[in-house]
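Scope of the values below: all heavy atoms of this structure, side chains included, with no hydrogens, waters or symmetry mates. So that the names make sense, note that chain A is the first sequence line, chain B the second, and so on, each numbered from 1.
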2 protein chains.
Amino acid sequence: MNTLAYGLLSMLSYSPDSGYDLMLKLQSLWPAKHSQIYPLLSQMENDGYVRHVLVPQTDKPDKKVYSLTDTGRDALRAWLAVPASEPVIRDELTLKLFAMDQGNPEDIKRQLELRVQYYRDRIHWLNCKIEAYSMKEPPPSRGMMLLMQRGRFSSESDLAWAEWALEQLRDE
Amino acid sequence: MNTLAYGLLSMLSYSPDSGYDLMLKLQSLWPAKHSQIYPLLSQMENDGYVRHVLVPQTDKPDKKVYSLTDTGRDALRAWLAVPASEPVIRDELTLKLFAMDQGNPEDIKRQLELRVQYYRDRIHWLNCKIEAYSMKEPPPSRGMMLLMQRGRFSSESDLAWAEWALEQLRDE
DNA sequence: TGCACATATGTCGGTATTTACATATAATAA
DNA sequence: TTATTATATGTAAATACCGACATATGTGCA
């Protein structure tokens with residue numbers, strides 16, 4: 001039971017779901033490919049944390065819908081009580097900025113511009129999501145709201161930094 | 001040559017350094033354990049990107065000091081020109097917030113408080129580092145300043161969010 | 001009809017990363 | 001004296017993660 005496994009349990013605590021959809025929904029919280037998700041779900045089922053039923057579909061391929069077992073819900077509860085480990089951020093751009101004196105300034109500027117666009121897109125996506133959720137009945141969970149606000153906070157701050165950094169570089 | 005390897009080349013582009021010190025200095029940019037650094041440095045030396053000399057010390061154990069070769073500097077320059085991949089953030093706390101309705105609210109609050117302290121410490125550490133650098137002669141590289149400012153931006157924003165989130169939870 | 005694409009699940013091989021095991025030197029504190 | 005800590009380097013085993021390969025269904029478009 002690694003962090004990804006608890007991420008799956010967390011998702012399933014809301015509602016049963018297929019591996020495919022779990023994979024899509026997890027991307028913003030704990031990115032993982034389907035090749036990591038599917039075997040992990042089998043293993044978790046083998047260990048008794050989840051179970052699945054086959055759901056036939058007419059408009060799409062059939063799917064396996066997983067749900068929490070009591071064991072799974074207990075494991076989730078226990079995990080929630082232990083302090084979260086520190087966040088890890090891996091961003092190649094920080095390394096390139098660090099070494100930028102060795103390269104072409106234009107290349108670095110182009111990469112910062114790409115990053116500015118990345119953050120703008122992210123903010124737009126978040127705003128759409130927040131709007132969609134605010135229309136929902138019943139209103140989404142507290143945790144969900146906290147997370148979406150966090151996305152806003154940090155994306156706005158990252159965007160502000162990237163734009164500021166670009167100005168710094170243009171001034172030279 | 002993976003991202004970590006380019007991180008090492010980036011560090012070495014400033015000055016020759018030991019594997020041990022490279023490991024320490026990389027923690028804030030691309031975290032890695034010594035067990036990953038040492039074999040990678042050997043391999044990079046084998047491939048001609050770096051070379052090392054043995055430096056005896058009297059107050060500490062002897063060390064291997066690595067430096068860039070011309071091949072290494074060329075590789076670094078080429079890497080700087082290709083667009084950086086998107087950042088990856090892995091934070092267990094986001095998953096726990098997402099699933100918090102399943103657990104004890106007090107546990108979540110405690111973890112948010114720990115995180116508030118984490119960001120405060122980080123900001124303090126960054127401020128010390130920025131002050132230390134601003135006294136240096138000659139002044140540090142542009143990239144270094146951009147990175148330290150980024151650390152400030154995002155830590156302040158994360159701190160603000162964590163404190164806001166705690167208030168939200170206390171209000172219930 | 002053929003093609004591309006989203007949905008859906010899976011395996012395999014390789015790379016990246018961590019944890020644990022191992023060793024050695026020098027300073028410092030108990 | 002002994003223990004601990006920081007410095008310094010390394011290996012081995014296990015885990016986490018990714019990219020490629022593989023297959024199949026249903027939709028929409030040319």
Side-chain angles (χ1 to χ4, degrees), chain A residues 1-9 11-12 16-47 50-67 79 85-92 95, chain B residues 1-9 11 16-47 50-66 79 85-92 95:
Chain A
M1 292 289 290
N2 54 24
T3 308
L4 177 57
Y6 288 109
L8 292 169
L9 294 185
M11 281 288 163
L12 292 177
D17 215 342
S18 69
Y20 186 81
D21 285 324
L22 286 168
M23 184 262 293
L24 292 179
K25 293 173 188 171
L26 259 182
Q27 292 310 310
S28 54
L29 296 180
W30 195 273
K33 311 288 176 183
H34 73 274
S35 55
Q36 203 183 353
I37 307 266
Y38 291 133
L40 185 54
L41 280 170
S42 302
Q43 192 203 304
M44 289 165 70
E45 181 160 42
N46 221 290
D47 296 344
V50 297
R51 85 178 114 248
H52 84 270
V53 288
L54 246 116
V55 173
Q57 298 186 116
T58 55
D59 54 337
K60 294 175 205 170
D62 301 347
K63 62 181 173 181
K64 293 183 176 179
V65 169
Y66 285 88
S67 54
W79 172 73
S85 51
E86 294 179 357
V88 174
I89 300 174
R90 284 214 160 88
D91 186 354
E92 231 182 29
L95 290 176
Chain B
M1 291 290 289
N2 53 25
T3 308
L4 177 56
Y6 288 108
L8 292 169
L9 293 185
M11 281 287 164
D17 214 343
S18 69
Y20 185 81
D21 285 324
L22 287 168
M23 183 261 296
L24 292 180
K25 293 172 188 172
L26 260 183
Q27 290 312 307
S28 53
L29 296 181
W30 195 273
K33 313 285 177 185
H34 72 274
S35 54
Q36 202 183 356
I37 306 267
Y38 291 134
L40 184 53
L41 280 170
S42 306
Q43 191 203 306
M44 289 165 69
E45 180 159 43
N46 222 290
D47 297 343
V50 298
R51 82 178 114 247
H52 85 270
V53 288
L54 247 118
V55 173
Q57 298 185 114
T58 54
D59 55 337
K60 294 174 206 172
D62 301 347
K63 62 182 174 182
K64 293 182 175 180
V65 169
Y66 285 87
W79 172 73
S85 49
E86 294 179 356
V88 174
I89 301 174
R90 284 212 161 88
D91 186 354
E92 230 180 29
L95 289 175

Participant: For B:Glu86, which residues count as a side chain to side chain donor-acceptor pair (under 3.5 Å) partner, sequence neighbours excluded?
Facilitator: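 With neighbours one apart ignored, the set is empty.
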Participant: Could you tell me the boundaries of the chain B footprint on DNA chain D, defined by atoms under 4.0 Å from its heavy atoms?
Facilitator: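 The contact span of chain B on DNA chain D goes from D:dT7 to D:dC18.
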Participant: Holding to salt bridge (charged side-chain N to carboxylate O under 4.0 Å, His left out), I want the full list of residues that pass it with B:Asp17, two or more places apart in sequence or in another chain.
Facilitator: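 Listed in chain order: B:Lys25.
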Participant: Taking the side chain as everything from C-beta on, heavy atoms only, tell me whether B:Thr3 gets closer than 4.5 Å to A:Arg90.
Facilitator: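 They are not in contact (no side-chain heavy atoms under 4.5 Å apart), so the answer is no.
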Participant: Given side chain to side chain contact (heavy atoms under 4.5 Å, CB included), test B:Leu9 with B:Trp79 step by step and report yes or no.
Facilitator: CA-CA 10 Å; B:Leu9 293 185; B:Trp79 172 73; over 6 Å; no
Participant: Which residues in residues 20-30 of chain B have at least one heavy atom lying under 4.0 Å from any atom of DNA chain C?
Facilitator: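 The stretch gives B:Trp30 as the residues lying under 4.0 Å from the strand, ordered by number.
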Participant: To check you understand the geometry: which heavy-atom pair defines the closest contact between B:Pro16 and B:Val65, and what is its length?
Facilitator: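 In this case the closest contact between B:Pro16 and B:Val65 is CB-CG1, 3.6 Å.
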Participant: Quick one: which protein N/O atoms are closer than 3.5 Å to N/O atoms of nucleotides 19-24 of chain C? Pair and distance per line, please.
Facilitator:
| from | atom 1 | to | atom 2 | distance (Å) |
| --- | --- | --- | --- | --- |
| C:dT19 | O4 | B:Ser35 | OG | 2.6 |

Participant: Is any side-chain N or O of A:Arg90 closer than 4.0 Å to OP1 or OP2 of C:dT17?
Facilitator: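 Yes, within the criterion.
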Participant: Should B:Met11 and B:Leu29 count as side-chain neighbours, where that means a heavy-atom distance under 4.5 Å?
Facilitator: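 Answer yes - side chains close enough.
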Participant: Could you check how far CG of A:Leu8 sits from C1' of C:dT9, rounded to whole Å?
Facilitator: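 A:Leu8 atom CG is separated from C:dT9 atom C1' by 15 Å.
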Participant: Would you kindly give the OH-to-P distance between A:Tyr38 and C:dC12, to the nearest whole Å?
Facilitator: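 In whole Å, C:dC12 P lies 17 Å from A:Tyr38 OH.
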Participant: Looking at side-chain heavy atoms only, is the closest gap between A:Val50 and A:Leu8 below 4.5 Å?
Facilitator: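 Of all side-chain heavy-atom pairs linking A:Leu8 with A:Val50, none is under 4.5 Å.
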Participant: Just checking A:Thr58: base, sugar-phosphate only, or nothing, at a heavy-atom cut-off of under 4.0 Å?
Facilitator: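 The residue A:Thr58 makes sugar-phosphate contact but no base contact.
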Participant: Would you check if A:Ile89 and B:Asp91 make a side-chain contact, meaning some heavy-atom pair closer than 4.5 Å?
Facilitator: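 Result no, sub-4.5 Å side-chain heavy-atom pair not found.
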Participant: Quick one: on DNA chain D, does A:Met1 or B:Gly19 contact a more 5' nucleotide (nearest heavy atom)?
Facilitator: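 Here B:Gly19 is the residue nearer the 5' end.
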Participant: To the nearest Å, give me how far apart CG (A:Asp59) and C1' (C:dC5) are.
Facilitator: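 It is 15 Å, rounded to the nearest whole Å.
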Participant: Looking at every non-hydrogen atom in both residues, tell me the closest pair between B:Ile37 and B:Ala32 and how far apart they are.
Facilitator: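 Closest heavy-atom pair between B:Ile37 and B:Ala32: CD1-CB, 4.1 Å.
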Participant: Should the ring pair A:His52 and A:Tyr66 be called parallel, tilted or perpendicular, given that the plane angle runs from 0 to 90° and is split at 30 and 60?
Facilitator: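 Correct class here is tilted.
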Participant: For residues 26-43 of chain A, pull every pair meeting side chain to side chain donor-acceptor pair (under 3.5 Å), keeping only residues two or more places apart or in separate chains.
Facilitator: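 Side chain to side chain donor-acceptor pair (under 3.5 Å) check on residues 26-43 of chain A returns no pairs.
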